[in-house]
There are 2 protein chains.
Amino acid sequence: MADSRLKRQGDSFEEEFPGASRSASDCSINLARTGSLLLAELTRRRRPFVDISVAAFQVLAIIEGEGTPLPPSIVAERMVTTTGTMTSLIDTLVRRGLVRRLPHPDDRRMLLIDITDAGRDVVDQILPVTHRVTKEMFQDLSEPERQQLLQLLARVQRRVDVMRNEAAPTDPPQPRNTAQRSAQTATK
Amino acid sequence: MADSRLKRQGDSFEEEFPGASRSASDCSINLARTGSLLLAELTRRRRPFVDISVAAFQVLAIIEGEGTPLPPSIVAERMVTTTGTMTSLIDTLVRRGLVRRLPHPDDRRMLLIDITDAGRDVVDQILPVTHRVTKEMFQDLSEPERQQLLQLLARVQRRVDVMRNEAAPTDPPQPRNTAQRSAQTATK
DNA sequence: TATTGTTATACTCTATAACTATA
DNA sequence: TATAGTTATAGAGTATAACAATA
């Protein structure tokens, strides 16, 4: 049985990793962990209704949410993936009859991905489950607390977005102080 | 270029999805999204140093963090995956020389997965990068704000953990009100 | 009988590079 | 030349079911 308590770095963390911030690491681990837990549980609850992968549903939701067909390149951009990956995602969805490829009216190099009635049915089935489960997940947070959470997330999102547009530096950071190696460090 | 603003449900959201909570959905989408962004950016920054998957590194970090070899079933449980998946994850790590399989001293049905020196080197290389990047990601949040974020996450985590131990209900939830179908609904 | 781990199988997601057709 | 998308290829992660060894 997985442990539901917050994961916390140990007391010697900042000695072991010179230049690191214990609270930042705690936030990072628990943010990633809570997000994963959320997605995993949503997927589990959706499965009895419609068995579709997270990525495939994302494509569907992007097109359905837009309300109009979109080129694969745009969908790929929003999902932060390559056009090659998008091709096979669309292949999967076409095979299941959930989207179809239309020629682009202006530029014959391009396509438009359109959602089918069956695809819309899937979205209509999944979204209510998603919303019901979601409501339950956040039931312990008051309305002001939710807004607070959103504001904190927004600021992290903005910062990470800036970082995404920077080249990843390749010079080694402060090495680990292995003299301080402890038995409880980072189990995720 | 991906949009870095918060994703928000539209004004007609709660009419379109009777019984849904707009703020809960906003929290869910942005929590999952921020978590994914974080992980993706961490992976991108780690790649120049060591090219290892998130799942593979997780195995390594769990064993290294424990400080002593662990049976595959325990690692699988902590990662919320099956033993079959764990077998192939361990296969990958053994192929790269980062872990090794040892016989369990007490129960001959079991194994112990031990991290090798090379595996420890990988962890020692990756953790400092992780911590440096993490510090940058949360630089806009003050120390009290970080603690606040952690407390909010803890409460969501606890609730989701309760839900994980319940059977997934299979009765259909409140249907979508498709008369209210809008053009901007849920792009993630 | 129950448990631990492996095998076999299959599917999905992912990325890269070479290719096409169009612009 | 540049762009949009596909194909080919490859590898990783995931799950399920059948199985062997052991308890």
Side-chain angles (χ1 to χ4, degrees), chain A residues 36 39-44 46-48 50-60 62-63 69-96 98-114 122 168 188, chain B residues 36 39-41 43-44 46-48 50-60 62-63 69-96 98-114 122 168:
Chain A
S36 299
L39 282 180
E41 183 62 15
L42 274 169
T43 303
R44 188 175 79 95
R46 290 201 284 237
R47 195 154 352 172
V50 186
D51 197 359
I52 189 175
S53 74
V54 171
F57 179 65
Q58 221 178 327
V59 175
L60 233 43
I62 286 172
I63 296 165
L70 289 174
S73 50
I74 300 294
V75 182
E77 186 188 281
R78 294 206 194 161
M79 289 178 62
V80 194
T81 187
T82 62
T83 61
T85 296
M86 193 46 55
T87 296
S88 53
L89 279 175
I90 294 168
D91 284 347
T92 303
L93 289 166
V94 168
R95 210 182 315 127
R96 297 196 182 181
L98 305 181
V99 303
R100 76 187 137 210
R101 291 177 165 100
L102 302 175
H104 193 289
D106 303 336
D107 187 333
R108 285 195 295 172
R109 287 173 307 183
M110 294 170 84
L111 295 174
L112 289 176
I113 309 305
D114 191 18
V122 167
K188 164 70 206 249
Chain B
S36 300
L39 282 180
E41 183 62 16
T43 303
R44 189 175 78 95
R46 289 201 284 238
R47 195 155 16 210
V50 186
D51 198 358
I52 189 174
S53 76
V54 171
F57 179 65
Q58 221 177 326
V59 175
L60 234 43
I62 286 172
I63 296 167
L70 288 174
S73 51
I74 299 294
V75 183
E77 185 188 282
R78 294 207 192 160
M79 289 179 62
V80 193
T81 187
T82 62
T83 60
T85 296
M86 192 47 55
T87 298
S88 52
L89 279 175
I90 293 168
D91 283 346
T92 303
L93 288 166
V94 168
R95 211 180 316 127
R96 297 197 184 180
L98 305 181
V99 303
R100 77 187 137 211
R101 292 178 164 98
L102 303 176
H104 193 289
D106 304 335
D107 187 333
R108 283 195 296 170
R109 289 174 304 180
M110 295 168 84
L111 295 173
L112 289 176
I113 309 305
D114 190 18
V122 166

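Lettering of chains follows the sequences in order, A, B, ..., and the numbering in each one begins at 1. When reading the values below, keep in mind they use all heavy atoms of this one structure, side chains included, and skip hydrogens, waters and symmetry mates. Here the structure is a predicted model, which is why all the values come from computation and not from measurement.
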Could you state the [atom1]-[atom2] distance from [X] to [N], rounded to the nearest angstrom?
X: B:Ile74; N: C:dT4; atom1: CD1; atom2: P; answer: 8 Å
X: A:Met86; N: D:dT6; atom1: CE; atom2: C1'; answer: 14 Å
X: A:Leu70; N: D:dG5; atom1: CG; atom2: C1'; answer: 16 Å
X: B:Met110; N: C:dG5; atom1: CE; atom2: P; answer: 5 Å
X: A:Leu89; N: C:dT12; atom1: CG; atom2: C1'; answer: 9 Å
X: A:Asp51; N: C:dC11; atom1: CG; atom2: C1'; answer: 11 Å
X: B:Leu102; N: C:dG5; atom1: CG; atom2: P; answer: 13 Å
X: A:Asp106; N: D:dA4; atom1: CG; atom2: C1'; answer: 14 Å

For a quick test of reading the model: is some side-chain N or O of [X] closer than 4.0 Å to OP1 or OP2 of [N]?
X: A:Thr82; N: C:dT16; value: no
X: B:Thr87; N: C:dT6; value: yes
X: B:Arg108; N: D:dA21; value: no
X: A:Arg44; N: D:dA15; value: no
X: A:Thr83; N: D:dG5; value: no

>> By nearest heavy atom, map A:Ile90 and B:Ala55 onto DNA chain D; which one lands nearer the 5' end?
In response: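 It is A:Ile90 whose nearest nucleotide is closer to the 5' end.
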Can you tell me how far [atom2] of [Y] sits from [atom1] of [X], rounded to the nearest 0.5 angstrom?
X: A:Arg96; Y: A:Asp51; atom1: CZ; atom2: CG; result: 6.5 Å
X: A:Ile62; Y: A:Ile74; atom1: CD1; atom2: CD1; result: 10.5 Å
X: A:Thr85; Y: A:Ile90; atom1: OG1; atom2: CD1; result: 11.0 Å

Counting the atoms with a prime plus P, OP1 and OP2 as sugar-phosphate, which does [X] contact under 4.0 Å by heavy atoms, base, sugar-phosphate, or nothing?
X: A:Arg101; result: sugar-phosphate
X: A:Asp91; result: nothing
X: A:Thr81; result: sugar-phosphate
X: A:Ser73; result: sugar-phosphate
X: A:Arg95; result: sugar-phosphate

>> I'd like to check A:Val50 versus A:Arg46 (side-chain heavy atoms, cut-off strictly below 4.5 Å). Are they in contact?
In response: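 Side-chain contact under 4.5 Å: no.
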> Toward the 5' end of DNA chain C, which comes first, A:Asp107 or A:Ala56, by nearest nucleotide?
Replying inline: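 Between the two, 5'-proximity favours A:Ala56.
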>> Return whichever of B:Gly84 or A:Ser88 has its heavy-atom-nearest nucleotide of DNA chain C closer to the 5' end.
In response: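 Here B:Gly84 is the residue nearer the 5' end.
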>> Test side chain to side chain contact (heavy atoms under 4.5 Å, CB included) on B:Arg101 and B:Asp91; report intermediate values, then the result.
In response: CA-CA 10 Å; B:Arg101 292 178 164 98; B:Asp91 283 346; 3.0 Å; yes
> So which nucleotide from C:dG5, D:dA23, C:dT12 ends up closest to the side chain of A:Thr92?
Replying inline: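 Between C:dG5, D:dA23, C:dT12, the one nearest the side chain of A:Thr92 would be C:dT12.
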